[in-house]
Amino acid sequence: MAQTSIILRVELNHGLVSFGDVAATISRAGGDITSIDVIRPGKESSVRDITVDVADTKEATIVDSLKAQAGIKLINVSDRTFLVHLGGKVEVTPKLPIKNRDDLSRVYTPGVARVCTAIAENPDKAYSLTIKRNTVAVISDGTAVLGLGDIGPHAAAPVMEGKAMLFKQLADVDAFPICLDTKDTEEIIRTIKAISPIFGGINLEDISSPRCFEIERRLAEELDMPVFHDDQHGTAVVVIAGLLNALKVTGKRIGNIRVVVNGIGAAGVSICKMLLNAGVTRLVPVDREGAIVRGGQYEYPMWQWLADQPQVEDRPGTLKELIEGADVFIGVSRGNLLNGEDVKRMAADPIVFAMANPVPEIAPEEALPHTAVFATGRSDYPNQINNVLVFPGIFRGVLDCRARVINEPMKLAAARAIAAVIAENELNEQYIIPSIFNEKVVQNVRKAVIETAILTGVSRRVPPDFR
């Protein structure tokens, strides 16, 4: 159940009600008071702000209960999450002040003309003389936003703003949210190409499958800059990072395990690709219609690519049939598809990553007694598989070395770098993935990405700390 925090501004008539009555009313309605601020004290009446943690579904119950009680006047109800978003969460600020005419002449006309001419003569100077060197576009069409689906570009904006905040705080990358009011694949590609000169990289976000594959492929081919679809590759990188550490905990080798991946959309396809690149030899991709089998014929190009891979099993069946004997289950699909009996039929010491949000493929309470390592996409259980661990460090690395692309070796290097943040003596079944606030994550990923970019020949610059 989703939790929120609200601020209730109430006026109390002390002749009719005490604060204890108010607290009891809130508690009975399902709220938990976390703080109280006196706004206007008084002998006969007073005004207070009461901060309450509450489940989304109970907010209306609390409001109605307070309104129904004599002696309480409910002045205002503020949702603290909405307050954070008022006016948006990001802004543009200048790096230096403009205090006089001399400053103005340098940052704008006439002095800026000399800088423009220098870039016109050598476009590469845009990386040193404009914001291009440190700026990423976070782009969505609003068709696959979090667990909300196709809610449109306006409603997608808060997510893209939040991502821009994470870029800045975690990796000091300037990111700008861009929400496109079109679902046309060609128009999206044209638009991104048209706005690309000011950016050093493109982060695609929350674009529905299968269009996202074509959009990313075309942009990677037609733009001379890194393009990264985070729903695909960010998720895949952090899954591989978690899996590498889970295998250490269980003592299994990646070349010997049988892996079932459920949900072969944007994230699922990328996870399957990375599993194969990491050395998995027995892969079972499963979607709603059942297994994607080796040698099968499929409409979706990415499903067909999987069917052509020798490591993919040729056995058809449903998820419940195919999970028997599996060492690893990775779910990026929908909730409540499995139960404890299904997990019992897996191989010894099973690893389960149930990442559907907000409801995992199997309830943690059912899975935990039967698993060696269990992970979800949620923050209220150990081992949260969160792609926030990935994109800040990857883009910090590709911007610093001016990589032309983000290739598969760079992604695998990023996964290994995230896994390596956790020392061998710290690793256990409840700690296979580091916190997003661990400063070593961005540092490790940046270093691994730059080293791999240089080794694979896609770097255009060697940063000073690598010389």
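Here the side chains of Ile271 and Thr235 are in contact, with some heavy-atom distance below 4.5 Å. Between Ile198 and Ile131 the shortest side-chain heavy-atom distance falls below 4.5 Å. Val328 places none of its side-chain heavy atoms less than 4.5 Å from the side chain of Arg282. Under the 4.5 Å side-chain criterion, counting only non-hydrogen atoms from C-beta, Asp206 is in contact with Met160.
To the nearest 0.5 Å, atoms CG (Leu170) and CE (Met165) are separated by 10.5 Å. Note that the CG atom of Asn357 and the OG1 atom of Thr376 stand 7.0 Å from one another [nearest 0.5 Å]. Taking CD1 of Ile254 as the reference point, atom CG of Leu275 lies at 6.5 Å (rounded to 0.5 Å). The line from CD1 of Ile432 to CG of Leu247 is 9.5 Å long, rounded to the nearest 0.5 Å.
A salt bridge links Arg217 with Glu214: at least one charged nitrogen is closer than 4.0 Å to a carboxylate oxygen. Between Asp141 and Lys183 there is no salt bridge, since no side-chain N of the basic residue sits under 4.0 Å from a carboxylate O of the acidic one. Asp327 and Lys252 are joined by a salt bridge, as a carboxylate oxygen and a charged side-chain nitrogen come within less than 4.0 angstrom of each other. A salt bridge links Lys344 to Glu341: one of the charged nitrogens lies within less than 4.0 Å of a carboxylate oxygen. Under the 4.0 Å criterion applied to side-chain N and carboxylate O atoms, Asp465 and Arg446 are assigned as salt-bridge partners. Taking 4.0 Å as the cut-off between side-chain N and carboxylate O, Glu321 and Arg315 do not count as a salt-bridged pair.
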Exercise for the section: Using the side chain to side chain contact (heavy atoms under 4.5 Å, CB included) rule, take Arg460 and Asp124 through it: C-alpha gap first, then chi angles, then the decisive distance, then the call. Expected result: CA-CA 11 Å; Arg460 286 176 287 198; Asp124 283 347; 5.9 Å; no

Practice task
Check the pair Leu8, Ile62 against side chain to side chain contact (heavy atoms under 4.5 Å, CB included), reporting the backbone distance first and the verdict last.
Solution key: CA-CA 10 Å; Leu8 305 163; Ile62 290 175; 4.0 Å; yes

Exercise for the section: Would you check, one step at a time, whether the test side chain to side chain donor-acceptor pair (under 3.5 Å) holds for Asn386 with Arg378? Expected result: CA-CA 8 Å; Asn386 191 335; Arg378 295 170 49 146; over 6 Å; no

Exercise for the section: Test side chain to side chain contact (heavy atoms under 4.5 Å, CB included) on Leu399 and Arg133 and set out the steps. Expected result: CA-CA 6 Å; Leu399 289 172; Arg133 68 186 301 170; over 6 Å; no

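Without hydrogens or angle criteria, Asn245 side chain to Ala419 main chain gives a donor-acceptor distance under 3.5 Å. Counting only distance, with no hydrogens or angles, the side chain of Lys168 and the backbone of Asp174 share no donor-acceptor pair below 3.5 Å.
Of the options Arg416, Gln232, Lys273, His233, a side-chain contact (heavy atoms from CB on, under 4.5 Å) to Lys411 is made by His233 and by none of the others.
A side-chain donor from one of Thr143 and Arg211 sits under 3.5 Å from a side-chain acceptor of the other. Between the side chains of Ser333 and Asn262, at least one donor N or O sits under 3.5 Å from an acceptor N or O. Between the side chains of Thr250 and Asp349, not a single donor N or O lies within less than 3.5 Å of an accepting N or O.
Taking the six-membered ring where the residue is Trp, Phe167 and Phe395 present perpendicular rings, their angle passing 60° and hence far from 30°.
The two residues Val373 and Ala246 have their closest heavy-atom pair at CG1-CB, 4.0 Å.
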